[in-house]
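Following: one structure in structure tokens, then a few remarks.
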Amino acid sequence: EQVEQSIPVVKSEQKPAQTQNNDLPEPGSDEDILERAIEVVVEAGQASTSSLQRRLKLGYAHAARIVDELEEKGIVGPFEGSKARQVLITREQLQKRVAEMGQEITRDYQGRDVVLVGILKGAMPFLCDLMRCIDLPVTLDTMVVSSYGDNTVSSGSINIKKDLDKDIRGKHVIVVEDIIDTGITMDSLVPLLKKRGAASVELAICLNKKERRERDVFVKYIGFDIPD
């Protein structure tokens, strides 16, 4: 007779299946997690979903929400891949400073005939915001003026592609520009407008790059000084 031998069956230990770590509860309040996320951004210069998920041990979906909140608060800017560009000025800071500039112009130009000259096209967003903060009747005009042409380095002479539409004789002109660096364009434009009979000509600049200055141009109204 054949004797059946029982062969013991050894069951291998099965590791639990890995689940998507999407919405697992994380320790600490949302405020604590956000504060830690800001520390990561400051330290590593990154605010990608994957980096926050790894470093803060967050679920993927939670990390993604934190990244969105960081961007909404202006702590980080739009992304290039996983790298966050440094935000120099938040939306709240910009709005506050533009409102202050509008108040300064309102105070300085009471009873005067004011013309805002926007330098197209870059100055338009700043010009529109600034106009709304000036509590005076003002006239708007525009110019297209450049000392750069198609280059990124100033040529030293200005080129007027679009001139003013209105006469500025006897008017108080405020040239509104988004950014000033070398000062070459404004150094030529301000005397030109004065020669046309403007009672006064001042500059209102949103962003001032002092490190690039090549001409000694006086800017009466400055939004922010920024690095090159």
Side-chain angles (χ1 to χ4, degrees), residues 88-89 91-228:
L88 298 176
I89 303 163
R91 183 181 303 170
E92 291 76 15
Q93 289 173 321
L94 181 60
Q95 291 172 342
K96 181 175 181 292
R97 181 58 192 137
V98 172
E100 291 171 347
M101 294 174 72
Q103 292 169 3
E104 292 168 11
I105 292 172
T106 300
R107 179 197 63 210
D108 295 343
Y109 286 87
Q110 288 289 337
R112 298 184 181 184
D113 196 351
V114 178
V115 179
L116 298 180
V117 176
I119 305 302
L120 300 177
K121 300 178 182 177
M124 288 309 296
F126 173 51
L127 174 62
C128 293
D129 287 344
L130 184 62
M131 279 178 54
R132 285 191 285 265
C133 297
I134 299 174
D135 190 16
L136 292 172
V138 297
T139 302
L140 177 63
D141 210 332
T142 58
M143 298 182 75
V144 177
V145 183
S146 175
S147 63
Y148 286 85
D150 295 328
N151 303 313
T152 57
V153 178
S154 177
S155 64
S157 60
I158 64 169
N159 178 24
I160 299 177
K161 297 181 180 180
K162 178 199 174 298
D163 212 332
L164 296 172
D165 296 322
K166 302 178 182 69
D167 190 354
I168 59 171
R169 282 179 290 185
K171 309 290 181 66
H172 295 272
V173 175
I174 302 175
V175 178
V176 181
E177 177 65 295
D178 58 340
I179 188 167
I180 183 171
D181 44 29
T182 64
I184 291 175
T185 300
M186 293 301 138
D187 186 52
S188 299
L189 181 60
V190 170
L192 174 64
L193 297 179
K194 288 181 177 178
K195 285 181 180 178
R196 293 184 179 183
S200 66
V201 181
E202 300 291 354
L203 302 180
I205 308 295
C206 184
L207 303 175
N208 181 34
K209 284 188 177 183
K210 294 189 294 185
E211 297 173 6
R212 294 277 306 274
R213 195 77 85 247
E214 295 180 13
R215 304 287 173 84
D216 186 17
V217 179
F218 173 71
V219 182
K220 187 170 185 177
Y221 304 103
I222 296 175
F224 298 91
D225 291 322
I226 63 170
D228 186 13

[X] (side chain) donor-acceptor with [Y] (main chain) under 3.5 angstrom:
{"X": "K209", "Y": "I179", "value": "no"}
{"X": "T106", "Y": "D135", "value": "yes"}
{"X": "D141", "Y": "D165", "value": "yes"}
{"X": "R213", "Y": "D181", "value": "yes"}
{"X": "R97", "Y": "C206", "value": "no"}

Exercise. Under 4.0 Å between a Lys/Arg side-chain N and an Asp/Glu carboxylate O for D163 and R196?
Worked result: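 Looking at R196 together with D163, the answer is yes, because their closest N to O distance falls below 4.0 Å.
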For this session: Run the salt-bridge test on K96 and E92 with the 4.0 Å N-O cut-off and return the result as yes or no.
Result: no
Problem set entry | Among K194, K220, H172, the one residue meeting side-chain hydrogen bond (donor to acceptor under 3.5 Å, both in side chains) with S200 |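 Among K194, K220, H172, the one that satisfies the side-chain hydrogen bond (donor to acceptor under 3.5 Å, both in side chains) with S200 is H172.
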So, do [X] and [Y] sit near enough that their side-chain heavy atoms are less than 4.5 Å apart?
{"X": "I89", "Y": "I226", "answer": "yes"}
{"X": "L94", "Y": "D129", "answer": "no"}
{"X": "V138", "Y": "Y109", "answer": "no"}
{"X": "I119", "Y": "L189", "answer": "yes"}
{"X": "F126", "Y": "E177", "answer": "no"}
{"X": "M186", "Y": "I180", "answer": "yes"}
{"X": "V117", "Y": "V201", "answer": "no"}
{"X": "L164", "Y": "M143", "answer": "yes"}

About how many Å separate [atom2] of [Y] and [atom1] of [X], when rounded to the nearest 0.5 Å?
{"X": "I160", "Y": "T185", "atom1": "CD1", "atom2": "OG1", "value": "10.5 Å"}
{"X": "T142", "Y": "K166", "atom1": "OG1", "atom2": "NZ", "value": "8.0 Å"}
{"X": "L136", "Y": "R112", "atom1": "CG", "atom2": "CZ", "value": "10.5 Å"}
{"X": "I205", "Y": "I222", "atom1": "CD1", "atom2": "CD1", "value": "8.0 Å"}
{"X": "D178", "Y": "M124", "atom1": "CG", "atom2": "CE", "value": "11.5 Å"}
{"X": "I174", "Y": "D108", "atom1": "CD1", "atom2": "CG", "value": "8.0 Å"}

Measure across [X] and [Y] and return the closest heavy-atom pair with its distance rounded to 0.1 Å.
{"X": "K162", "Y": "L120", "result": "CD-CD1, 4.2 Å"}
{"X": "G118", "Y": "L127", "result": "CA-CD2, 3.8 Å"}
{"X": "G183", "Y": "R215", "result": "O-CB, 4.0 Å"}
{"X": "L193", "Y": "I168", "result": "O-CD1, 3.6 Å"}
{"X": "S188", "Y": "P191", "result": "O-CD, 3.4 Å"}
{"X": "Q93", "Y": "F224", "result": "O-CZ, 3.4 Å"}

For this session: Starting from the C-alpha separation in whole Å, work towards a yes-or-no answer on side-chain contact (heavy atoms from CB on, under 4.5 Å) for K171 and T139.
Result: CA-CA 10 Å; K171 309 290 181 66; T139 302; 5.5 Å; no
